[in-house]
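Below: one structure, written as structure tokens.
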Amino acid sequence: MLDLKAFEKQTIPAMYEEAKDNDLKEIIRKQKEKLGKKLVLLAHHYQKDDIVEFADEVGDSLELAKKVQNYKQAETIVFCGVHFMAETADMLTDKKQKVLLPDMTAGCSMADMASADQLQVAWHKLEALFKETILPVTYINSTAEVKAFVGRHGGVTVTSGNAKEVVSWAFTQKKRILFLPDQHLGRNTAYHLGVALKQMAMWHPATKDLSYKGNLQDVRVILWEGFCSVHQQFTPLQIKRMRKLFPDIKVIVHPECRKDVVDLADDFGSTAKLIKLTYEAKSKDRLAIGTDNNLVGRLQKIMKEKGVFVHFLNPMACACLTMNRIDLPHLAWILDELAAGRVENQITVSADTTKWAQVALNKMLELTK
Ligand code: 13P
Ligand code: SF4
């Protein structure tokens, strides 16, 4: 979880903030070369171009969780993404490997919508209502403590890249699931697996209550009332407007978008799937993409060379503010420190939390080999 004390302390020397981009890039190049194979730099697809340029591996959440395990020789993993991703990397790598996050304030507003304490309260109430018929399923976009709670209760983690397989498995274990923290990924996935909307209830963490109209015994999915601040900015009206302007356009969106947006789109999928669909487009095809605009902008540039028109589904959408906290000054600073033998911003998950979170993570990885 985002460490507020760290937030207050998180200032880097002004010389980095004031330096020119080219000078910062020179520092990053030099220190990467100096650190060699001892260092691996991972970046999520939503990072800025400036950061992606230096990544040894770029991926979505599922890809990065898998790829990090291929770098056994690396002493240090600099994770250009958000806090829960760095925690996951720490839990999936050897004890002696260090995971660093260039800016400790790079949290995830969605992950912060479900704390382990809130989950404990919810679980207590839901178990009283549904006895042992319920399994917790947490999006990988959650804190290590939440993952550990889920592992302790026989549950599993999930990413947008394997939601269908993992949720299908969950239904072979128990009659119903609690899906957290993203209500949209939970609703979209369950709906496409044949669960009717009338079989879905909502858990409200702020008021600590469950809302459902009907007979509680019919509930199959309990959705946690969380959302992604980036993907909730897409609306059906934007899709309709796009189609009015370009009748032949293909609209593709991420499943963290609202269900009415996913329903209206031509296709939907994880970040990796959206990229794959874009690369498959042919010359003169036209696509509108509903996901983080750092990525859409990059795809637009790449596909222009192939004669494919890529549009931002919502050009006014704010990018992920926390992903964007990872920038050239922070990356240059952390690498300078590392090259000088000083380890800054290490993300360390406690042994007990790791042990139980690994249960949920390993189950997911086993289901998506
Ligand atoms: P994926 O990387 O699973 O597509 O998730 C998107 C996201 O919001 C990451 O924070
Ligand atoms: Fe969190 Fe959404 Fe940003 Fe991903 S894009 S890190 S889910 S706020």
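Hydrogens, waters and symmetry mates play no part in the numbers below; they use all other heavy atoms, side chains included. Predicted model, so just to flag it, every value in this text is computed and none were measured. Numbering of ligands and ligand atoms starts at 1, following listing order.
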Quiz prompt | Proximal atoms of ligand 1 relative to His44 (non-hydrogen, under 4.0 Å) | solution = 2 (O), 9 (C)
Quiz prompt | Contact with ligand 1 for His45, non-hydrogen, under 4.0 angstrom | solution = no
Exercise. Just jot down the side-chain contact (heavy atoms from CB on, under 4.5 Å) partners of Ala19, sequence neighbours excluded, or say none.
Key: Leu24
Donor-acceptor pairs under 3.5 angstrom involving side-chain atoms of residues 204-212: please list them, not counting sequence neighbours.
unit_1	atom_1	unit_2	atom_2	d
His204	ND1	Glu225	OE1	2.9
His204	NE2	Ser211	OG	2.7
Thr207	OG1	Asp209	OD1	2.6
Tyr212	OH	Lys198	O	2.6

Quiz item: Is it true that Glu26 and Arg29 make a salt bridge, defined as a side-chain N closer than 4.0 Å to a carboxylate O?
Solution: yes
Quiz item: So is Leu62 in contact with ligand 1, going by heavy-atom distances below 4.0 Å?
Solution: no
Quiz item: Can you list the atoms of ligand 1 that are under 4.0 Å from a heavy atom of Met85?
Solution: 9 (C), 10 (O)
Self-check item: NZ/NE/NH1/NH2 to OD/OE distance under 4.0 Å, Arg243 and Asp248
Solution: no
Self-check item: Whether Asp103 side chain and Ile326 backbone form a donor-acceptor pair below 3.5 Å
Solution: no
Quiz item: Can a donor-acceptor pair be found between the side chains of Arg286 and His311 at a distance below 3.5 Å?
Solution: yes
Practice problem: Could you please tell me which protein N, O or S atoms lie under 2.8 Å from atom 2 (Fe) of ligand 2? | Solution: Cys228 SG
Quiz item: Glu63: heavy atom below 4.0 Å from ligand 1, yes or no?
Solution: no
Quiz prompt | Passing option when Phe268 is tested against His192, His254, His231, His184 for ring-ring contact (aromatic ring centres under 6.0 Å, His included) | solution = His192
Quiz item: Between Glu33 and Lys30, is the closest basic N to carboxylate O distance under 4.0 Å?
Solution: no
Exercise. For Asn141, counting its heavy atoms only, list the atoms of ligand 1 lying under 4.0 Å from any of them.
Key: 7 (C), 8 (O), 9 (C), 10 (O)
Quiz item: To the nearest 0.1 Å, how far is atom 1 (P) of ligand 1 from its closest protein heavy atom, and which atom is that?
Solution: Ser160 OG, 3.4 Å
Practice problem: Compare Lys273, Met110, Glu256 and give the one whose heavy atom is closest to atom 8 (O) of ligand 1. | Solution: Glu256
Which pairs would a plain distance check flag for residues 165-174, meaning a side-chain donor or acceptor within less than 3.5 Å of a matching protein atom at least two apart in sequence or in another chain?
unit_1	atom_1	unit_2	atom_2	d
Ser168	OG	Lys164	O	2.7
Thr172	OG1	Trp169	O	2.4
Lys174	NZ	Glu132	O	3.2

Self-check item: Enumerated ligand 1 atoms positioned under 4.0 Å from heavy atoms of Tyr139
Solution: 3 (O), 5 (O)
Practice problem: Starting from atom 6 (C) of ligand 1, find the nearest protein heavy-atom neighbour and note its residue, name and distance. | Solution: Tyr46 OH, 3.3 Å
Self-check item: Nearest-contact summary for atom 4 (O) of ligand 1 - protein heavy atom, Å
Solution: Thr271 OG1, 2.5 Å
Practice problem: Check whether any side-chain N or O of Lys147 sits under 3.5 Å from a backbone N or O of Ser142 as a donor-acceptor pair, and report yes or no. | Solution: yes
Quiz prompt | Basic-acidic side-chain contact under 4.0 Å: Arg342, Asp336 | solution = no
Quiz item: Is Ser270 close to ligand 1, meaning an N/O of one under 3.5 Å from an N/O of the other?
Solution: no
Quiz item: Less than 4.0 Å between a side-chain N and a carboxylate O, is that true for Asp260 and Arg258?
Solution: yes
